[in-house]
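Below is one structure, written out as structure tokens, with a few remarks after it.
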Amino acid sequence: MPRYNPSVIEPKWQTYWDQQQTFATPHVPHGEKLYALDMFPYPSGDGLHVGHPEGYTATDIVCRAARMQGKSVLHPMGFDAFGLPAEEHAIKTGEHPRVQTEKNIDTFRRQLKMLGFSYDWSRELATTDVEYVRWTQWIFLQLYDTWFDPVQQKGRPISQLPIPAEIAAAGESSAAAYRDEHRLAFQSEAPVNWCPALGTVLANEEIIDGKSERGDHPVERRPLRQWMLRITEYATRLEDDLELLDWPTGVKALQRNWIGRSTGAEVDFGLVGTGQRTRGRDVSEPRPTGFPRKPDENTLRVYTTRPDTLFGATYIVIAPEHPFVGKLTTENAANAVKVYCDQAAAKSDLDRTELAKEKTGVFSGSYAINPVNGAQIPIWIADYVLVSYGTGAIMAVPAHDQRDFEFAQQFGIPIKAVVDPGEQVSVADREEILAGARVFTKHGMAVNSGHFDGLPTRDFQQKITAWLAEKGVGAQAVNYKLRDWLFSRQRFWGEPFPILHQLDDKGEKTGQVRAVEANDLPVDLPHLDDFKPHGRPEPPLDKGPDDWLYPVIDGVRYKRETNTMPQWAGSCWYYLRFIDPTNSQALVDPALEKAWMPIDLYMGGSEHAVLHLLYARFWHKVLYDRGVVSTPEPFQKLVNQGMILGENNEKMSKSRGNVINPDDVVQEYGADSLRLYEMFMGPLEATKPWNMEGVNGVFNFLNRVWRMIVDENVQSLCPHAAICDDAPTDAQNRILHKTIKAVTGDIAKLSFNTAIARMMEFTNFFTKQDRRPRVVMESLVLLLSPFAPHISEELWHVLGNKETLAYEPWPTYNDTLLVEDEMEIPVQLNGKVRCKLIVPTDADKASIEQLAHQNPRVAELLAGKQIVKTIVVSSSLINFVVKG
RNA sequence: GGCCGAGUGGCGGAAUUGGCAGACGCUCUGGACUUAAAAUCCAGUGGGGGGUAACCCCCGUGCGGGUUCGAGUCCCGCCUCGGCUACCA
């Protein structure tokens, strides 16, 4: 009764692999190495969903095939285990987050093992492991100890930061403050996104439509002291180095877009009418000293990407948070401005987005002087200008910017066209544009721009930028959408910062901080009796016991930093720890790091296309600059597996009731069928719907393979009677070698669905053969083993082999065995297939043409027609172009 | 609004440099085996038309043009769906 029974053979081989440590990775690779990494999961309480095994199976196939091809393979798995759900569970139940987290990890580990992935489990880690936290904190100290040298474009030790003489002269505390200003990890008082429901501050990236990404709670803005990471310093390198990477172009585009590099010019506008006597500045008053690094108090600096439209600027807008708001507001306008700015401050991002249809703003009462023509234009305050981008102030050119146009129309501000669209639009549209009744944002030709008239936009931009620079009122400038990374959270279940705040005699913070010594790491989480958030922004760690909270070093009393790191922290570097997971002396042994990095294949969902990958690349570059790692980029090749939809073609979700549970599928069909089905559904990167009939289809295929090799009519497990030691026939060899070639190539292309189709064709052929040579069956089993490892091991065993097939040499193909003597090619008339022709495989063009004419059917088709031209494609087709 | 991706049978999907559209699987239909069913095996399965028949003809890869002996594939212009993103001057 040896029917194919996955529920017996799968656990059997999983136990075997475990006991034999089949997939233990050598410490140092010998020969060619492959580092294939899955984005590690967050161990949620729901367990694995069917999306996880998709990418995991793909990398597992690549790894298993690579081992058989003689490569040293590093294929580890771990858990991204800090984060909100465990903490929320703790708040509800009082159970420590670590307990819940470990339960969830146990479930995930069981499920992953059930699927037969060839991970080296001895390297398993969780970001919550105390020893792991130690090195996360260590990296933070590296960030804290690093400043970015803009000249070398490189992070360097803070001890090498040149201190300007005037600061050095002011004493060590000035120098210390100067250093703190330059560290990659620094504290800031900027307004942050405070989410009362979660009791935490969130990064911009964690807010969607003004609500928290997690939980969909409202978010408000508050000024708070936070830790920030200076990722913006690395913007240029993060963008440029994308070129080095074998990533999907879409993901590269997303990263570029997120970094958001834009080039333009900064331009200084002089101020008038601020009540005090200020000197206006115009064309006649160039600055002899050139464009200053920082504008003086009588100058408003704006950023524009369209300096060619300077002559069309009819007003200025500054952000409600701009430092000049108070200074520029006249007495008459004071009330209105105060009301407006208060409203803007209270607005959440949601409000700002929702009200996007209607622009709001208020006139400050002051005017600025346009440096190109001396025109005095009003200064408005409006929240469509962001204080955090550019200079927080813009020159508004309503004729050529959509937002400015809407604003000007709403407030009756003049609209002056300075770009002529010419032939690009209809005559009527052009007239409207030139009359200021319609907005035109593309390039064109300059008009109403003094002696620049007639210049195409691009030339004008160069000329005006040079002109501005010459007069000292402007300069070319680059801006990024990317902001510094808000790195602290007011939660319990995260890594504590290894930072101490010095306290004075009264127990107040002096403002001086010191890093915890690397030898004293890790800073472990303290015991807390109560996890409940109190609704104030002070972190839960403030409730930690005094002996943890207030260390004394050299007689000085300190208070620990009580913010914790965001969940991103642990996932920023886990790939390095897998290389050397138990090293207690270093984050990773440099020799091992050099041997295994970079990651050759990184597989995961496209939801991490921007943030995780950008943050990890940033940390990696800092570690690279500091000599900890040897490659400028961590993830050489990236692949996003597509989303798996429910059977109704909708996203899987509990509320839609269309969730497929891997446990159920494995119970009914086995892990091999689940793996095979997920690979057979369609292209790896495509979004595709689940279909249980399809699972049954691949299950049938595995049964057919089983019956091709195993004799089901006898009691014991032995080979099918058709299995023989004959040499394969030519026809059998052709199918075999065709299959080896196709499957090998398809695995390299990650085209697993077609590889499986080829093995199905093989099986369809050989189940009809009465003699099935053992060597041929063995080759098929080896080809199938990366996809369906359990059944393959079992069949390998049935065929008389004693050892695991995991390190058997991968089958090779012989091209000469593929060719047939004859082949059938189509005969076309005017490109339409009319009949088929049998020709020798090695026939040249002339003989194919000759054979075609000799063929009675072809002669019949050509009868009474004039042949204009004959096209022969060698070993492909023949096409007659005919008339009549 | 912006960026990216995709439209091929009843369904999931295949198709080197442009070269036989629909591989492979599912579904469905018919047949064999069986007391019967399941399982298995065999055959058929894009639409339409013609022939007793081996066969033959027409249409067909979202829509409309174009290039070419030949277009699912290349070019131009649209439509639809999905994902991401959104006042970044």
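Throughout, protein chains are lettered first and strands after them, A, B, ... in sequence-line order, and every chain is numbered starting at 1. All values below were derived from every heavy atom in this structure, side-chain atoms included, with hydrogens, water molecules and symmetry-related copies excluded.
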Checking all strands, does [X] fall into the base, sugar-phosphate, or nothing category for heavy-atom contacts under 4.0 angstrom?
X      : value
A:V873 : base
A:E685 : nothing
A:K768 : sugar-phosphate
A:N703 : nothing
A:E607 : nothing
A:N764 : sugar-phosphate
A:R707 : sugar-phosphate
A:N879 : base
A:G697 : sugar-phosphate
A:S262 : sugar-phosphate
A:N479 : nothing
A:K481 : base
A:P683 : sugar-phosphate
A:R261 : nothing

Measuring to OP1 and OP2 of [N], would you say a side-chain N or O of [X] lies under 4.0 angstrom away?
X      : N      : result
A:N700 : B:rU40 : yes
A:Y389 : B:rA89 : yes
A:K869 : B:rC69 : yes
A:K832 : B:rC59 : yes
A:R834 : B:rC56 : no

B:rG64 glycosidic torsion: syn (within 90° of 0) vs anti |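 B:rG64: anti.
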Choose from [options] the nucleotide whose nearest atom is closest to any side-chain atom of [X].
X      : options                : answer
A:I871 : B:rC20, B:rC69, B:rG13 : B:rC69
A:L254 : B:rC84, B:rA86, B:rG19 : B:rC84
A:K651 : B:rG83, B:rG13, B:rC20 : B:rG83
A:N691 : B:rA89, B:rA21, B:rC26 : B:rC26

Pair of N/O donor and acceptor under 3.5 Å linking B:rA23 base with A:R758 side chain |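 It does, because a donor-acceptor pair links the side chain of A:R758 to the base of B:rA23 below 3.5 Å.
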What is the distance from [atom1] of [X] to [atom2] of [N], rounded to the nearest Å?
X      : N      : atom1 : atom2 : result
A:L702 : B:rG25 : CG    : C1'   : 13 Å
A:R306 : B:rA89 : CZ    : P     : 12 Å
A:M708 : B:rU40 : CE    : P     : 16 Å
A:F701 : B:rC41 : CZ    : P     : 13 Å
A:H720 : B:rC41 : NE2   : C1'   : 12 Å

Any non-hydrogen side-chain atom of [X] less than 4.5 Å from a side-chain atom of [Y]?
X      : Y      : answer
A:E761 : A:T739 : no
A:H720 : A:R707 : no
A:V478 : A:Y480 : yes
A:L614 : A:L482 : yes

Can you check the distance between [N] and [M], where both ends of the measurement are the [atom1] atom (answer in whole Å)?
N      : M      : atom1 : result
B:rA23 : B:rA15 : C1'   : 8 Å
B:rA38 : B:rG30 : P     : 13 Å
B:rA6  : B:rC63 : C1'   : 16 Å
B:rC81 : B:rC42 : C1'   : 41 Å
B:rA32 : B:rG25 : C1'   : 23 Å

Can you tell me how the ring of [X] sits relative to the ring of [Y], calling it parallel under 30°, perpendicular over 60° and tilted otherwise?
X      : Y      : answer
A:W690 : A:Y677 : perpendicular
A:W380 : A:F407 : perpendicular
A:F460 : A:F311 : tilted

Under 4.0 Å between a Lys/Arg side-chain N and an Asp/Glu carboxylate O for A:D429 and A:R438?
->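 Here A:D429 pairs with A:R438 in a salt bridge, since their nearest N and O are under 4.0 Å apart.
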